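Being a predicted model, the structure only gives us computed values, none of them experimental. Read the numbers this way: they start at 1 and go in the same order the structure lists the ligands and their atoms.
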Amino acid sequence: MKSSSKASYDYVPVPAFEDNYIWVMADGQSAVVVDPGDAAPVEKWLREHGVKLFAILLTHHHADHVGGVASLLRTFSHADPIPVYGPAAESIPVVTHPLEGGDVVKLAPPFGDFKVLDVPGHTRGHIAYVQDVGGDDLPHVFCGDTLFASGCGRLFEGTPVQMLASLDSLAALPDDTQVHCAHEYTLSNIRFALACEPANLDLQAWDVRARGLREQGKPTLPTSIAHEKRVNPFLRADQAAVREHVLASASAQGVALAAAGSAGDRLGVFAAMREWKNTFR
Ligand code: ZN
Ligand code: FE
């Protein structure tokens, strides 16, 4: 799948497991692979396209994101060792270049620089990579399990305060930033988003478009920051309609709003919304 970017290479979501995407950036000769939880689909893609594995970027330690690295290194190790970038704050044995927020990964052209953002919440040390392509090309971010299309990651190791700050730092990226998430969760996220904000016309239109894409077997990604600001309830905890529906559901289900701070504020709404999503069917 070609992205709308004018870059001289493609951003391809290689499906893995049930609903993971392993993003492959390839220029026809070499590829940078993000979060290869499974080696087999990546290996197949690289072989089919005759592309050499150049570098691996990891966002967090979960097995569905790192499980394929060792096998890929064994299969594709050549004269130059393949660098594996990942969060310094998490224990991932295959990482050769540990990173923290503010670091910049400098890869050879055409891949360019990747600015590292600390985005804790889903896991304690989760990072995102903001690709600075320069020129007229669209900016890109690889955000793992932090921001999803119309949703956000579960809080396995972090707090609502951390996750909200992480989402804020992603939302502060330029509006046209292409958002490369690591899972195809869009349709179920939209169902929840509509429960939070039933009258959101952008969301209703997105629901129709996303269903159409999935019926054709196409990914709903990448999304963009501008789009997420319109349709993602986790970026819209300050909206009156979102607050109203989240608080009504929380009180109906006895979700502990007190633990989330004062019930009406943005953080309280966000925390209650994240809790509600965990049990929403
Ligand atoms: Zn994860
Ligand atoms: Fe995951």
Side-chain angles (χ1 to χ4, degrees), residues 11-25 32-42 45 56-72 84-95 98-101 114 116-130 140-167 169-170 178-192 214 219-223 228 232 234-235 270-271 273-275 277-280:
Y11 297 78
V12 182
V14 174
F17 307 117
E18 287 275 285
D19 50 31
N20 283 70
Y21 287 134
I22 300 168
W23 287 95
V24 176
M25 290 170 262
V32 174
V33 174
V34 185
D35 285 353
D38 191 5
V42 177
W45 193 94
I56 295 174
L57 307 179
L58 303 177
T59 62
H60 67 294
H61 69 85
H62 285 160
D64 64 314
H65 298 253
V66 307
V69 175
S71 169
L72 286 173
V84 182
Y85 298 88
E90 298 191 349
S91 150
I92 309 174
V94 289
V95 168
L99 301 167
E100 53 192 44
F114 294 78
V116 177
L117 290 183
D118 278 324
V119 287
H122 177 69
T123 61
R124 201 172 300 111
H126 200 303
I127 57 175
Y129 297 87
V130 181
H140 296 261
V141 64
F142 298 88
C143 53
D145 289 354
T146 300
L147 175 62
F148 292 125
S150 304
C152 77
R154 269 179 193 259
L155 302 182
F156 284 117
E157 299 173 10
T159 64
V161 174
Q162 288 176 317
M163 188 54 134
L164 188 56
S166 296
L167 293 176
S169 68
L170 293 169
Q178 303 296 289
V179 180
H180 303 268
C181 322
H183 288 271
E184 178 63 65
Y185 289 158
T186 309
L187 293 189
S188 60
N189 284 344
I190 290 174
R191 275 206 313 119
F192 177 73
R214 295 309 292 151
T220 58
L221 301 169
T223 179
E228 290 313 304
N232 191 325
F234 293 98
L235 302 184
F270 175 80
M273 183 166 24
R274 189 50 268 184
E275 280 277 306
K277 175 75 163 68
N278 291 343
T279 55
F280 183 82

### Task
Identify, by name, the N, O or S atom of Asp64 lying closest to the Fe ion (ligand 2).
OD2
### Message
Please name the atom of Asp145, limited to N, O or S, that comes nearest to the Fe ion (ligand 2).
### Response
OD2
### Task
Answer yes or no as to whether an N/O/S atom of Asp145 is found below 2.8 Å from the Zn ion (ligand 1).
yes
### Query
Relative to the ring of Tyr185, is the ring of His183 parallel (under 30°), tilted (30 to 60°) or perpendicular (over 60°)?
parallel
### Message
Which label fits Phe142 and Tyr11: parallel for a plane angle under 30°, tilted from 30 to 60°, or perpendicular past 60°?
### Response
parallel
#### Entry: Closest non-hydrogen atom pair, Ser150 against Ile190
OG-CG1, 3.8 Å
### Message
Restricting to non-hydrogen atoms, name the atom on Val119 and the atom on Thr146 that form the minimum distance, rounded to 0.1 Å.
### Response
CG2-OG1, 3.5 Å
### Query
So do Pro219 and Glu184 actually touch side chain to side chain, heavy atoms under 4.5 Å?
yes
### Query
Can you tell me the N, O or S atom of His60 that's nearest the Zn ion (ligand 1)?
NE2
### Query
By atom name, which N, O or S atom of His62 is the nearest to the Zn ion (ligand 1)?
ND1
### Query
Counting backbone and side chain alike, does His65 bring an N/O/S atom below 2.8 Å of the Fe ion (ligand 2)?
yes
### Query
Any N/O/S of His183 under 2.8 Å from the Fe ion (ligand 2)?
yes
### Query
Glu100 side chain to Ala89 main-chain N or O, any donor-acceptor pair under 3.5 Å?
no
